[in-house]
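We use all heavy atoms of the structure for the numbers below, so side chains are in, but hydrogens, waters and symmetry mates are not.
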Amino acid sequence: MKPFNVEVNFQTGDLTPGKKIDRYLSGVKNMFFDQAAADAILQREDPLIYQVIYADVPEAKGHLGNCTTIIYPGKVGREFYFTKGHFHEERGTAEIYFCLQGKGKLLLESTDGEWAILDMYPGTASYIPPYWSHRTINVGQEKLIFYCVFPADAGHDYGTIEEIGYPKLVVEENGQIMVVDNPKRRK
Ligand code: S6P
Ligand code: ZN
């Protein structure tokens, strides 16, 4: 394999050449707290919640996967749009998120059940240690755009988060961004 460049557009989040995955509400609906609010939106439209654009790197040991993520602004009920969230299949692998644009929160939970939340704004490089699951949330009015670097063979385990959820929700209350307990958390 030969060295290569990709080009990252800090304004749009485009990564070229890259492979794009679109996540619409219909595909991530069950992750949101307020299912009635999600259904009401889906009666009218199926909004694009986020996109991930991957550089073409082999998913093999020694390589570094990298991509951009673009989360659109919006809410389902009181809850801000977010990514599904995952543990890495290979639990002992870390990741870095470098924020390019917008205003976000990074919600993390370790396999020991400890949780943490970090602010994301242009210039923050968030370190996700091994054994911590991670979800990003757009709490601003514009797109939240960040660049990710991770061991290319890390893999995704979405099932655990789908099953138990996160201990916290990030919601808007009286115009304020609030981190509140998730009453639907299962554990
Ligand atoms: C991969 C990395 C990101 C996310 C992306 C979307 O390890 O953490 O590329 O895949 O931000 O989030 P999710 O939870 O839908 O994969
Ligand atoms: Zn990850």
Side-chain angles (χ1 to χ4, degrees), residues 8-16 18-55 65-88 95 97-109 117-122 124 126 128 133-148 150 155-173 175-180 182-185:
V8 175
N9 183 313
F10 286 24
Q11 274 74 47
T12 63
D14 279 337
L15 181 153
T16 40
K19 191 173 154 244
K20 191 182 277 182
I21 293 178
D22 294 329
R23 299 281 192 200
Y24 289 91
L25 179 58
S26 54
V28 298
K29 171 191 175 253
N30 59 345
M31 313 300 279
F32 285 96
F33 173 75
D34 189 341
Q35 288 296 294
D39 286 331
I41 295 169
L42 286 169
Q43 297 271 318
R44 307 188 304 267
E45 52 168 347
D46 187 7
L48 184 58
I49 308 291
Y50 66 99
Q51 298 172 301
V52 189
I53 311 172
Y54 290 97
N66 62 104
C67 63
T68 51
T69 302
I70 303 157
I71 311 179
Y72 289 85
K75 282 177 291 173
V76 174
R78 296 188 306 139
E79 201 175 13
F80 292 101
Y81 284 3
F82 53 51
T83 57
K84 282 159 63 124
H86 59 274
F87 279 102
H88 290 163
E95 180 157 8
Y97 283 177
F98 186 68
C99 184
L100 303 176
Q101 204 192 114
K103 182 176 165 184
K105 299 266 185 205
L106 173 56
L107 176 62
L108 309 105
E109 187 178 21
I117 199 151
L118 298 176
D119 287 321
M120 297 173 76
Y121 49 86
T124 56
S126 304
I128 300 163
S133 74
H134 35 289
R135 163 180 286 169
T136 40
I137 302 139
N138 184 350
V139 297
Q141 319 273 336
E142 328 240 310
K143 291 190 282 192
L144 173 67
I145 302 174
F146 54 98
Y147 175 69
C148 320
F150 52 95
H156 292 95
D157 164 15
Y158 292 109
T160 306
I161 305 301
E162 258 160 18
E163 215 175 284
I164 67 173
Y166 273 98
K168 300 286 167 183
L169 306 175
V170 182
V171 300
E172 189 173 69
E173 260 178 30
Q176 305 272 55
I177 300 155
M178 305 285 286
V179 179
V180 299
N182 176 7
K184 284 191 179 164
R185 160 73 168 199

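Taking NZ of K19 as the start and OH of Y54 as the end, the distance is 8.5 Å to the nearest 0.5 Å. Here the CD atom belonging to E172 is positioned 9.0 Å from the CD atom belonging to Q176, to the nearest 0.5 angstrom. Rounded to the nearest 0.5 angstrom, I177 CD1 and K105 NZ are separated by 6.0 Å. In this structure, CG in L100 is found 9.0 Å from CE in M120, a value given to the nearest 0.5 Å. One finds the CD1 atom of I70 at 9.5 Å from the CD atom of Q101 (value rounded to the nearest 0.5 Å). Taken to the nearest 0.5 Å, the CG atom of L107 stands 5.0 Å off from the CD1 atom of I117.
Considering all non-hydrogen atoms of both residues, L118 and S126 come closest at CD1-CB, 4.0 Å. Pairing each heavy atom of K29 with each of Q35, the nearest pair is O-NE2, 2.8 Å. Taking all atoms of both residues into account, the shortest heavy-atom contact from D34 to V76 is O-CG1, 3.9 Å. Taking each heavy atom of C99 and Y121 in turn, the nearest pair found is CB-O, 3.2 Å. Across R135 and I161, no two heavy atoms sit closer than the pair NH2-CG2, 4.0 Å. F150 approaches E95 most closely through the heavy-atom pair CD2-OE2, 3.5 Å.
By the 4.5 Å heavy-atom criterion applied to side chains, P122 and F10 are not counted as neighbours. When side chains are defined from C-beta on, T124 does not count as touching Y97, because their heavy atoms never get closer than 4.5 Å.
A distance-only check finds no donor-acceptor pair linking the side chain of D22 to the backbone of Q51 [under 3.5 Å]. Side-chain atoms of D157 do not come within 3.5 Å of backbone N or O of F87 as any donor-acceptor pair. In this structure, S26 contributes its side chain and D46 its backbone to no donor-acceptor pair below 3.5 Å. Here the side chain of E79 pairs a donor or acceptor atom with the backbone of F33 at under 3.5 angstrom.
The environment of K103 atom NZ is sparse: at most 12 non-hydrogen atoms of other residues, nucleotides or ligands sit within 6.0 angstrom. Counting heavy-atom neighbours within 6.0 Å of E45 CD, excluding the residue itself, gives a total above 12.
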Item to check | From CA spacing to verdict: side-chain contact (heavy atoms from CB on, under 4.5 Å), D14, I53 | outcome: CA-CA 7 Å; D14 279 337; I53 311 172; 3.9 Å; yes

Next on the checklist: With side chain to side chain donor-acceptor pair (under 3.5 Å) as the criterion, how do Y72 and N138 come out once you've worked through the C-alpha distance, each side chain's angles and the decisive distance to 0.1 Å?
Outcome noted: CA-CA 7 Å; Y72 289 85; N138 184 350; over 6 Å; no

Next on the checklist: Assess the residue pair V52 and T83 against the criterion (side-chain contact (heavy atoms from CB on, under 4.5 Å)); give the C-alpha distance rounded to whole Å, side-chain angles, the decisive distance to 0.1 Å, and a yes or no.
Outcome noted: CA-CA 10 Å; V52 189; T83 57; over 6 Å; no

Checklist entry - Between R185 and I164, does a side-chain contact (heavy atoms from CB on, under 4.5 Å) hold up when you go through it step by step? => result CA-CA 6 Å; R185 160 73 168 199; I164 67 173; 3.8 Å; yes

Item to check | side-chain contact (heavy atoms from CB on, under 4.5 Å) between Y147 and L15, worked out | outcome: CA-CA 9 Å; Y147 175 69; L15 181 153; 4.2 Å; yes

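Using a 3.5 Å distance cut-off with no hydrogens or angles, the side chains of H86 and H134 do pair a donor with an acceptor.
The distance between the ring centers of F82 and F32 falls below 6.0 angstrom.
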